[in-house]
Amino acid sequence: MMDKRYVKPYVNFNLNSAKVFFSVKDDLPSNTKILLDTMGLLKSTNSSIKDIKKKISLDQGLTAFILKVSNSPFYGPKQDISTLTHAISYLGYSNLRTILMSYFTKNLLSKIKDKNLQIALWKHSLFNAFIAQSIAESKNISDPEEAYISGLLHDIGKIVMFKNDENRFISTIKLVNSKNLDPIEAEHSIFNFSHLEIGYILSVNWNFSENIKYALLFHHSYEKVKNESKLPAIISLTNKLSYIEEFSIYKSDPKTIDYSEELKFLDISKTFINESLEDIENTIEDYIRIYG
Ligand SMILES: [Fe+2]
Ligand SMILES: [Fe+2]
């Protein structure tokens with residue numbers, strides 16, 4: 001459990017309400033356990049390709065998907081990859097972990113009936129994941145894989161809220177757009193908690209690293225934990241950029257979005273940001289083609 005001193009004084013988190021909502025309504029995709037077990041194996045230094053193959057083979061859909069991804073232009077193999085063993089050794093453990101988390105997020109998103117919102121959230125996740133990874137990689141300020149996973153999952157709480165109580169979640173979007181309310185405030189006014197608490201509870205249940213837990217809980221208030229981790233600031237930045245670039249479920253006026261504090265804190269130039277944004281739309285479209 002997170003140290004209370006990080007939670008209480010800063011933001012009005014309501015972990016208890018979030019826990020109640022979640023335990024009553026929780027129905028995650030059926031292959032969640034296989035995916036998380038595989039993630040665990042991929043993190044352990046003792047697991048062999050054989051162990052990982054055995055675990056992934058339990059899920060036919062996942063097996064077929066990994067073969068499809070490993071043969072995609074994204075990973076560009078010189079020869080066809082037709083076995084799971086070959087795919088695992090070709091992709092490597094780190095790529096495989098990010099692929100699994102993308103697959104998982106996509107699966108979770110497919111439970112949202114509203115197609116437009118489903119795609120908007122998927123693009124929002126991918127935008128944050130790619131830009132966060134590129135910042136972490138080039139600036140050497142955070143682990144790129146953790147940055148990718150945090151970008152992908154930072155709003156996972158929204159997916160759960162949406163999936164379990166679509167009407168109330170749509171009301172929060174309407175509130176944000178009509179009254180120009182901060183999304184966290186809007187969620188609190190309707191649910192009594194926000195996607196931050198849900199994301200945090202999931203990250204604890206799934207044994208994610210401290211950095212990822214921080215990113216999920218504090219990506220709207222990174223300054224509260226800036227001595228503990230840089231990842232929340234990275235996600236705060238990518239999230240704001242996604243509003244400006246219109247990879248968001250909210251309508252916002254770019255002129256009102258200020259990310260200069262994040263740039264200063266992370267020591268990133270505007271030029272670097274512009275370069276990172278250059279090809280992002282195509283990258284996301286390519287990814288969407290593979291993941292469906
Ligand atoms: Fe968020
Ligand atoms: Fe977000």
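Quick note: numbers below take in every heavy atom, side chains included, and nothing from hydrogens, waters or symmetry partners. In listed order, ligands and their atoms are each counted from 1. Everything quoted here is computed from the prediction, not taken from an experiment.
- For Tyr259, the ring pair (Phe, Tyr, Trp, His ring centres under 6.0 Å) test picks out no residue, with sequence neighbours left out.
- Look at Asp51 and Lys54 and you find no salt bridge, because none of the NZ, NE, NH1 or NH2 atoms lies under 4.0 Å from a carboxylate O.
- Listed by chain and number, the protein N, O or S atoms at a distance under 2.8 Å from the Fe ion (ligand 2) are His124 NE2, His154 NE2, Asp155 OD2, Asn239 OD1.
- Side-chain contact between Leu58 and Lys55 is present, with at least one heavy-atom pair separated by less than 4.5 Å.
- A salt bridge is absent between Lys226 and Glu223: the closest approach of a Lys/Arg side-chain nitrogen to an acidic carboxylate oxygen does not fall below 4.0 angstrom.
- A perpendicular orientation is assigned to the rings of Phe130 and Tyr287, their planes being inclined by more than 60° (bins at 30° and 60°).
- A ring-centre distance under 6.0 Å is found for Phe21 and Phe191.
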